Amino acid sequence: MSFTFATDNAIPVHPVSALDYIPREKLREIQLHRLQNIVRYAYERQRLFRRRCDELGVRPEHIKTLKDIRLLPFSKKVDLRDEYPTGLQAAPNEEVVRYQCSSGTTGKPIVIPNTMNDIKVWQQGVMRCLAMGGVSANDIVQVAYGYGLFTGGLGLHYGAEGIGCAVLPISGGNTDRQIMLMRDLGVTTICCTPSYFLHIIDEGHKKGIDFRKEMKLKHGFFGAEPWTEEMRSKIEEYTGLVAHDIYGLTEIAGPGVGGDCEHRTGLHIFEDHFYPEIIDPETLEPLPDGEYGELVFTTLDRTGCPMIRYRTRDLTRINPEPCPCGRTIRTIQRINARSDDMIIVHGVNLFPSQVESGLLSIPEVMPHYQIVVTPTGALDMLEIKVEITPENFSDDMRHLEDLRKRIGAAVKSITGLTATITLCEPHTLPRSEGKIRRVVDLRVQK
Ligand code: DLL
C-alpha cells in the first residue's frame, strides 16, 4: 500500500499518522470492504439489527456501494438502554476484554463490550490525535480525565503510552496535587475536560502560579464536552500551550474518533474505522457535505458491539473543503452543539456554547459561567451568572452597570435573547472535575 505524505507539514509525521494520508480512492475501497463485513457480522450476531433490517427488507448482500449504507436502519442510545446490559454484544464472552460505560443523563448506564481489536483501534485513534498535535515519545503526559468506566482516562492513557510518552495517570480531582506534579515533573501535555483545566488554572492562580513561566506545558488535549474558539484562546492565553480538540463517544470507541490538526479547520475523523454521515434529524434524510445536521457513525470494524448508523445527537457538518495539512481524511466542524443540550427560552433555541461565545468576547469576563432558567409565570427568566476579573470587581456601581450592559448586549447579539446578567466574584461559581453542567433549568426540576 502506498501513502502520499504532505511535504510541507510542519509537524513530524509519526508512523501511526500514515493512515491519515491514505488516497481517498483507496480509503473508499477499505471502507466498503469493512462496511460489507461489519453489516454481515452484525446481521448474524445482533438480533435487534437483524430484526430491523428484516423489517426494511434489507440484507447484507444489498450493500454493494458505500451509498447503500443509506438502506440500513439507524440505531440510538435508547437501543443500548433497552438492551441493557449486553443485548447488543456481538462477540462471544471469551473475546470481550473490557466493558466501558457511559451514564447519559438519566436511568441505566449503557454498557459497551470491547474486544482486544476494539481496544487497539481505539488506542490508535488517540495516538493519531496526539501525533497530529505534535506529541512524541519525549512528552510527559498528565491524564486528568477520569479513569474507570468513563473512556477519557483509559483512552488518553493507552494512546499516550502507544506513542511512547511518559504518562502520569492521575485521573480527575485533587487539584492541588495535579498542580504540584505538573510543575515538579515538568509535564508537557495535559489531557482533561476544558472546564476542569480552567479549574486547575484557577486554583494555580490562587496560589500565585504563573503557568506560562513555571510550567513546561506545550500541549493540551481537551474534549468530552463542548467548548468554543473563545475558550480555546483564553486557555492558550493563560498557559501558553497549544489547545487541541479531541472528540469521541463511548458508543463508537471513546476519545479519538477525531481530533484537530495544526490548521484547526475542524476535527479530522478517522474514517477508515468510523464512517460519518450527516442527517437531517427531523426527516432522517442524509445531507450533503457542507450542510449542518446530526452526526451519525458506523463503526467499520468494531466486533464487541458494532454500531450501525448510530445517531450521536451531536450537531455539526462535514467540511467539503480539504484541510491544508494534506490529510485525506475529512474534517467535521467542531461540536459546539448537542441536541440534548439545547434549551428553549422564550421560544428561541439556545445552546450554552452561544452564550460562551458572547461572554468571552468581553475582556473583563472570566471563563466561568452558569445559565439559570427560572419559570416565572408567563415568561421564563433567563439569568446568566458570570465571574469577572478581580480588578473589575469593585464598588463602582456605574462601572459594574456598564459592564453588565455590555455583557447583555454581547449575549443578545449572538442568541437574540435578553438575559439578566449577574456579575459574580472570582471563584464563586461551581467548578467541575469532569464534564461541567452549564445549565440549571429550574423548569424541569422538581
Ligand atoms: O466524552 C469521550 C471523550 C473523552 C472524548 C475524553 C474526548 C475526550 P461520552 O462520555 O460517551 O464520551 O460522551 C460523548 O461528549 O457525543 C459529545 O456530545 C461530547 N463530546 C465529546 N468530545 C467532545 C468535543 C466522551 N471535543 C459525548 N467537543 C459526545 C464537544 C464533545 N463535545
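Counting starts at 1 for both ligands and their atoms, following the listed order. Since we're looking at a predicted model, the values are computed, not measured. For the single chain, residues carry numbers from 1 onward in sequence order.
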Going from CZ on Arg40 to CZ on Arg45, what distance comes out if it is rounded to the nearest 0.5 angstrom?
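That separation rounds to 12.0 Å.
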For a quick check under 3.5 Å, do [X] and [Y] share a side-chain donor-acceptor pair by atom type?
{"X": "Glu356", "Y": "Thr228", "answer": "yes"}
{"X": "Gln100", "Y": "Thr250", "answer": "no"}
{"X": "Arg302", "Y": "Asn114", "answer": "yes"}

Parallel, tilted or perpendicular: which one describes the rings of Trp227 and Phe222, with boundaries at 30° and 60°?
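Plane angle over 60°, so perpendicular.
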List, ordered by chain and residue number, the protein residues whose closest non-hydrogen atom lies under 4.0 Å from any atom of ligand 1.
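If the criterion is a heavy atom under 4.0 Å, then ligand 1 touches Ser102, Tyr145, Phe150, Thr151, Gly152, Gly223, Ala224, Glu225, Pro226, Asp245, Ile246, Tyr247, Gly248, Leu249, Thr250, Glu251, Pro255, Asp314, Ile335, Arg338, Lys435.
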Would Arg438 pass as a cation-pi partner of Tyr369, given that its NZ or CZ must be under 6.0 Å from the six-membered ring centre and within 45 degrees of the axis?
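Judged by the rule, Arg438 and Tyr369 form a cation-pi pair.
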